[in-house]
Each structure stands twice: as C-alpha cells, then as structure tokens.
Amino acid sequence: MSIESNVTARRPVTQLPLQIALPPGFLLGALGVLGFSFSLPATRLAVADLDPFLVAFGRAVVAGTLSVALLAATRAPRPTAAQWRSLALVSVGVVVGFPLCTSLALHHVPASHGAVVVGVLPAMTAAAAVLRAGERPSPRFWVGALAGLAAVVTFALTQGAGGLAAPDAELLLAVLLCAVGYAEGGRLSRELGGARTICWALVLSLPVTTTISAIALADHGAHAGATAWLGFAYVSLVSMFVAFFAWYAGLARGGVAKIGQVQLAQPILGLLWAAAILGEHVGPATVAAALAVLACVVATQRARVARAG
C-alpha cells in the first residue's frame, strides 16, 4: 500500500506531451527535396568524365528498369488513356527535359551557378500548379515570380560577361520543363500515388531514353573515374527514382503550390554541397543572388490565390 502510494505520489500531476505536428505532406516533400538537393553536384561529377547525353538519358534507363520490376512486383494496374497523357507531360518535364538541360549546362558551368538559376523553380512550380488547377493568382504572386526570374537573369548576365550564355538558357529551360512535370505529376499522384506516377513516366520514356543512351554509349564510350560513376549512380537511384516517391506523394497530400515552398531549401543546400563536396568557390554575388531568389519565392508563397469559378 505505502509503496504503491509513494510511486503514485511521485508521478507528475500534469503531463506535457512534446509533439510537433508536422503534416505528412510537408515531411514527404522535405525528404524529396533533400534527395534532390545533391542532384546538381552529382550531375557535375558525372559529366566531368561521361557524355552529358549518357548521363541525362542513362539515369532514366536505370531508373526505368527498376520501375518495370517494381510495377510488376506490385501488380500495378495500367493507367487510363487520360492518365497516359498526363504521364507524357511528366516524362517530358522531369524524365527527359530537366536531366538533359542540366547535364548540358553543368558541362560548362559550376554546380553553384546552376543552383542559383534553378532557385526560381519553386515560383515556377507554383505558377504551373495554379494555372493547371484553374486558380487565379493575385498580382502580388506574379510580381514575386517575375522578380525572382529577373534576379536569376541578372545573375546570369553579370556572370556571363554581359550576355546570357547558352548554359543559362539551358538551365532556365530546365526550370520551365521541370515545373510543368512537378505540377502535373503532383496532380496525377492523387490518383496513382507518388511511386507509381514516376515509375509509369519512366517506363513510358524507356524507348527514347534507351535508344539515345545506346547511341551516346557507342559514340563516347563509358570510360570514367570512380567519382563520375558515383555521381551517375546518385542521379540514377536517388534523383531520378527514390526521391520522386516522397516528392510526388508530398505534393499529392499537401498541394503542389504549398509543398512547393519546401523547395526553398534546395538552392541553399545545393550551394553547400557544391562548396563542401566539389570544393567550388561560392562568392558574395552567388550568395546574394540565391538570397534574392529566396525572398522572391517566399513572396509568391505568401500571396493569395483564389479558385476560379
């Protein structure tokens, strides 16, 4: 009796549960961004020795082969005709467009440079999302998006000796295509799920990616150092495959425009990876441009967006 009462008396009268309620969509989106954040440095490592076309399309072949196995193992139902059309947009944006444009650009510019230009991706993703969903962005939204684009173009012009160089145009095209692929994939993931969306997009692309990879391999060979192959392995297994599972699932659960805000961390993480892993010099102009893009994207995320009709 006495022992039992003593134990009871020593228990705290009030309990303060330490729970931080982070939405599942946010957590999944953050996990995806963490995986994507090393994509540009890994691509830079890969294209140092390997042909950019082999890196861009070969990674999709590796991920597509894994997708075939995963879809077969889970007996995933085939997409409908409408879903195939959406998957074609996803394929053009994230399977072909973004990897190809960034591989070509990073063959000539540092990963830190690419991280700044790609920093406008969250604003472009939000714009693609609201347009695709038939929403009406406020003027403040468009001011923020255009200001971010202006910051990126200014950075590219000042770093390119007064002219917009081809790598910058390739990076901007990569951002545009990727934004469409993100928005369409996030919408489609509500029906198919994040993993199946990227897997079916990769399978749909296999005839193209396999053919171009074979041509690039025949023309340029596969002679490369260990670091180049490590970079290729990362973009194939993480950037092109596993990270999309979490990313598309996060977009489906939390909304494309809202979870797109998580991408705000990606340019900063990219700069840190470029400095820490590649030893690239990140100067004041690069940091200033990254912060300017960050501020503009925050403005777009805080702007009001009304539903049409």
Side-chain angles (χ1 to χ4, degrees), residues 32-67 91-119 121 165-175 177-178 181 198 201-202 205-206 208-245 247 266-267 269-282:
V33 166
L34 181 61
F36 292 147
S37 67
F38 193 63
S39 296
L40 295 183
T43 301
R44 178 71 172 168
L45 289 173
V47 299
D49 292 341
L50 295 169
D51 179 66
F53 281 88
L54 180 60
V55 174
F57 292 97
R59 65 202 257 179
V61 172
V62 173
T65 303
L66 293 174
S67 297
S91 299
V92 170
V94 304
V95 177
V96 176
F98 186 81
L100 176 59
C101 291
T102 53
S103 293
L104 292 172
L106 293 175
H107 195 59
H108 302 286
V109 298
S112 56
H113 184 104
V116 172
V117 179
V118 174
L121 179 57
D168 295 308
E170 290 162 349
L171 288 168
L172 289 173
L173 180 59
V175 168
L177 292 173
C178 191
I198 189 59
L202 287 162
S205 306
L206 271 177
V208 173
T209 57
T210 302
T211 301
I212 297 179
S213 296
I215 294 173
L217 189 62
D219 288 345
H220 301 280
H223 303 291
T227 54
W229 284 116
L230 284 174
F232 179 81
Y234 187 91
V235 296
S236 300
L237 300 176
V238 180
S239 304
M240 193 81 267
F241 194 57
V242 178
F244 269 106
F245 291 10
W247 179 241
Q266 190 166 332
L269 289 173
L271 291 177
L272 293 176
W273 289 127
I277 305 299
L278 303 181
E280 293 182 1
H281 173 67
V282 180

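- Between Thr43 and Val235 the shortest heavy-atom distance is OG1-CG1, 3.6 Å.
- In this structure, CD1 in Ile277 is found 12.0 Å from OG1 in Thr227, a value given to the nearest 0.5 Å.
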Audit row: Val94, Ile198, side-chain contact (heavy atoms from CB on, under 4.5 Å) steps and yes/no:
CA-CA 9 Å; Val94 304; Ile198 189 59; 4.2 Å; yes
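- In this structure, Val95 and Met240 have side chains that are in contact, with non-hydrogen atoms separated by less than 4.5 Å.
- Taking CG of Leu54 as the start and CZ of Arg59 as the end, the distance is 11.5 Å to the nearest 0.5 Å.
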Before giving the answer on side-chain contact (heavy atoms from CB on, under 4.5 Å), spell out for Asp168 and Val117 the whole-Å C-alpha distance, their side-chain angles and the decisive distance to 0.1 Å.
CA-CA 7 Å; Asp168 295 308; Val117 179; 4.1 Å; yes
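- Nearest heavy-atom pair, Ala174 versus Cys101, reported as atom, atom and distance to 0.1 Å: CB-CB, 3.5 Å.
- Of the possible donor and acceptor atoms, one in the side chain of Ser37 sits under 3.5 Å from a partner among the backbone N and O of Leu34.
- Of all the heavy atoms in Ala224 and Asp49, the pair that sits closest is CB-CB, 3.5 Å.
- From Leu104, atom CG reaches atom CG of Asp51 across 8.5 Å, with rounding to the nearest 0.5 Å.
- Here the SG atom belonging to Cys178 is positioned 12.0 Å from the CG atom belonging to Leu171, to the nearest 0.5 angstrom.
- Atom-to-atom distance recorded for Arg44:CZ and Thr102:OG1 is 12.5 Å, nearest 0.5 angstrom.
- Counting only heavy atoms from C-beta outward, the side chains of Val242 and Leu237 never approach each other to under 4.5 Å.
- Looking at every heavy atom in both residues, Ala63 comes nearest to Leu202 through CB-CD1, 3.7 Å.
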Given side-chain contact (heavy atoms from CB on, under 4.5 Å), test His220 with Leu50 step by step and report yes or no.
CA-CA 8 Å; His220 301 280; Leu50 295 169; over 6 Å; no
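- Nearest heavy-atom pair across Ser103 and Val55 is OG-CG1, 3.9 Å.
- A centroid separation of 6.0 Å or more is found between the aromatic rings of Phe244 and Trp247.
- Distance alone, capped at 3.5 Å, is enough to place a donor-acceptor pair between the Tyr234 side chain and the Gly35 backbone.
- Taking both residues in full, the closest heavy atoms of Phe232 and Gly58 are given as CZ-C, 3.5 Å, listed atom of the first, atom of the second, then distance.
- Distance check: Leu66 CG to Phe241 CZ gives 5.0 Å after rounding to the nearest 0.5 Å.
- In this structure, the side chain of Glu280 does not engage the main chain of Ala274 through any donor-acceptor pair within 3.5 Å.
- At distances below 3.5 Å, not a single donor-acceptor pair connects side-chain atoms of Thr209 with backbone N or O atoms of Phe57.
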